Amino acid sequence: MTRRIAFQGEPGAYSHQACRETHPEMEAVPCGTFEDVIEAVRNGDADLAMLPVENSTYGRVADIHHLLPESGLHIVEEAFVRVHINLLALPGTRLEQVKRAMSHTVLLGQCRDFLNRHGIERVTGADTAGSARHVAEAGDPSLGALASELAAEIYGLEVLARHIEDHGHNTTRFLVMAREPDLSRRAERMMTTFVFQVRNIPAALYKALGGFATNGVNMTKLESYMLDGTFTATQFYADIEGHPEDRNVRLALEELAYFSSHVNVLGVYPAGRGRPVL
C-alpha cells in the first residue's frame, strides 16, 4: 500500500511541491486547514504531515507554533523549499495579453517589480493553487495566476514567465511530522526542537538558557508566544543543533528543566538540506 503525506492547500500548492520534493514516493493528500492535516495523521488517514513553519521573507507562519505542541505528533524531518513564483495563463496566451494576475496576497506582494513593469493589476485570491485552478476554469486570457510550476502542470496552464519574485532567496521551511517519534541518530548533523515554560522566579529565562551557552550548544531559533491569549502565560519555542544524547546537549537540557515548569521535546531529526551552517 502506498504511504500518504498530508498537506494544507489545494493540489499545486507550495506545500504540495514540498511533499513532491521530500517524499516523491508517497501519495500527497490535500487538506483544508492545518488542523485537518494534523488530524489526518492522528486518525491514520495519512502517515506524515507536511507543515510550513517559516518563510525567509515573511517570517513564521501564523498560528503554527500554537498547533505543534498540542498536535500529539512528532517532528521527524525538516525540509527547505525554494519558493519560485511563476506567471501562469491559458495555453497560447501572450504575456502582453495578461492584464490581471490572481494569487494569495503574500505572493502578490513578492512580485511587485514584475507586475508593475508589465502593467498587470493584482487580484487577491484565496491561495496560489486555487488561483491557478480559477484561471483554468475562467477561460479568460487576460487573467493570469501567480503560482508554482506544479500548479501549471496540474491545471493545464502555460508558464509565461518563470521566477518573477523580487527576492532571489525566498525559501520556506517545512516540518515533517509523524504519529511516533524517531529519536535515533540518523545523520551527522541532528536538530532538536522543544517548547518550554520558565518558572516564576527572577531572571528565569536567562538562567534557563545559560546552560546552552556554557555547554557550547548552538540555538538556531528562540521564539515566544502567549498561551490562551493572555499576557501572563508565555511559552518559548526553540531549535538547537545536536542530539539529546550528546553530552553538552544533555547537560544544557538538564539546566533548562531545572529552571522551567514544563519542557516538551517536539522532535529529534536530521538537519535538512539547505539549512545554513553557522
Side-chain angles (χ1 to χ4, degrees), residues 1-55 57-79 81 83-86 88 101-110 122-138 143 145-157 170 172-179 225 228-229 237 266-267:
M1 179 181 293
T2 303
R3 300 178 73 221
R4 310 176 87 206
I5 181 168
F7 68 93
Q8 187 276 325
E10 298 196 37
Y14 287 98
S15 291
H16 188 186
Q17 176 185 327
C19 294
R20 279 267 191 105
E21 292 182 7
T22 307
H23 283 286
E25 79 286 359
M26 299 181 74
E27 177 188 352
V29 181
C31 299
T33 66
F34 292 135
E35 289 88 347
D36 293 338
V37 173
I38 291 168
E39 185 57 29
V41 177
R42 282 200 299 221
N43 66 25
D45 287 342
D47 300 282
L48 298 176
M50 179 69 73
L51 294 171
V53 291
E54 58 192 326
N55 177 267
T57 302
Y58 279 86
R60 76 182 182 191
V61 176
D63 296 332
I64 199 68
H65 289 72
H66 292 275
L67 295 174
L68 296 184
E70 306 302 324
S71 69
L73 305 182
H74 307 271
I75 305 167
V76 293
E77 298 176 62
E78 69 173 352
V81 174
V83 178
H84 285 304
I85 305 173
N86 311 279
L88 315 182
M102 173 181 287
S103 193
H104 188 282
T105 181
V106 170
L107 259 71
L108 292 171
Q110 292 179 4
R122 294 185 282 272
V123 179
T124 301
D127 55 44
T128 60
S131 296
R133 177 175 53 78
H134 177 80
V135 168
E137 294 172 350
L143 179 64
L146 303 183
S148 66
E149 291 193 54
L150 177 58
E153 173 190 326
I154 290 173
Y155 299 109
L157 299 176
N170 194 12
T172 298
R173 179 189 178 215
F174 291 83
L175 295 177
V176 180
M177 305 191 75
R179 285 185 295 278
Y225 55 96
D228 302 321
Y237 171 101
L266 300 181

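This is a predicted model, so every value here is computed, not measured.
For His104, the side-chain hydrogen bond (donor to acceptor under 3.5 Å, both in side chains) test picks out no residue, with sequence neighbours left out. With sequence neighbours left out, Glu70 forms a side-chain hydrogen bond (donor to acceptor under 3.5 Å, both in side chains) with no residue at all. With sequence neighbours left out, Phe7 forms a ring-ring contact (aromatic ring centres under 6.0 Å, His included) with His16. Glu21 is linked by a side chain to side chain contact (heavy atoms under 4.5 Å, CB included) to Gln17, Val81, counting only residues two or more places apart in sequence or in another chain. His134 is linked by a side chain to side chain contact (heavy atoms under 4.5 Å, CB included) to Met102, Ala138, Leu143, counting only residues two or more places apart in sequence or in another chain. A search for salt bridge (Lys or Arg N to Asp or Glu O under 4.0 Å) contacts involving Glu137 returns Arg133, not counting sequence neighbours. Residues passing the side-chain hydrogen bond (donor to acceptor under 3.5 Å, both in side chains) test with Arg60, sequence neighbours excluded: Glu223. Applying the side-chain hydrogen bond (donor to acceptor under 3.5 Å, both in side chains) rule to Asp127 yields no partners; only residues at least two apart in sequence or on another chain are considered. Applying the side chain to side chain contact (heavy atoms under 4.5 Å, CB included) rule to Ser71 yields the partners Ile38, Leu73, Met177; only residues at least two apart in sequence or on another chain are considered. With sequence neighbours excluded, the residues forming a side chain to side chain contact (heavy atoms under 4.5 Å, CB included) with Val61 are Phe34, Pro52, Ile64, listed by chain and number. A search for salt bridge (Lys or Arg N to Asp or Glu O under 4.0 Å) contacts involving Arg122 returns nothing, not counting sequence neighbours.
When every heavy atom of Val37 is checked against every heavy atom of Ala6, the shortest pair comes out as CG1-O, 3.7 Å. For Ala129 against Ala13, the heavy-atom pair with the smallest separation is CB-N, 3.5 Å. Of all the heavy atoms in Ala79 and Thr22, the pair that sits closest is CB-OG1, 3.5 Å. In terms of heavy atoms, Val76 sits closest to Ala178 at CG1-CB, 4.0 Å. The two atoms that bring Tyr225 and His65 nearest to each other are OH-O, 3.0 Å, heavy atoms only. Nearest heavy-atom pair across Pro69 and Leu266 is CA-CD2, 3.9 Å.
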Please tabulate, for the side chains in residues 43-51, all donor-acceptor contacts under 3.5 angstrom to protein atoms that are two or more places apart in sequence or on a different chain.
from  : atom 1 : to    : atom 2 : distance (Å)
Asn43 : OD1    : Asp45 : N      : 2.9
Asn43 : ND2    : Glu39 : O      : 3.2
Asp47 : OD2    : Arg4  : N      : 2.8

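The main-chain N or O of Thr105 is never found under 3.5 Å from a side-chain atom of Thr124 such that the two would form a donor-acceptor pair.
Put simply, the side chain of Leu88 does not reach to within 4.5 Å of the side chain of Tyr155, judged on heavy atoms. By the 4.5 Å heavy-atom criterion applied to side chains, Glu78 and Arg173 are counted as neighbours. For the pair Asp36/Gln8, no side-chain contact is recorded, criterion being any heavy-atom separation below 4.5 Å from C-beta on. Arg3 is not listed as a side-chain neighbour of His23, based on a closest heavy-atom distance of 4.5 Å or more. Using a 4.5 Å heavy-atom cutoff, the side chains of Tyr14 and Leu107 are in contact. Leu68 places a side-chain heavy atom less than 4.5 Å from the side chain of Val53.
Atom-to-atom distance recorded for His74:NE2 and Arg179:CZ is 10.5 Å, nearest 0.5 angstrom. Separation of atoms CG (Leu150) and NE2 (His84) is listed at 14.0 Å; rounding is to 0.5 Å. The line from CD1 of Ile5 to CD of Glu27 is 11.5 Å long, rounded to the nearest 0.5 Å. Leu146 contributes atom CG, which lies 5.5 Å from atom CG of Leu108 (distance to the nearest 0.5 angstrom). Rounded to the nearest 0.5 angstrom, Ser148 OG and Ile154 CD1 are separated by 7.0 Å.
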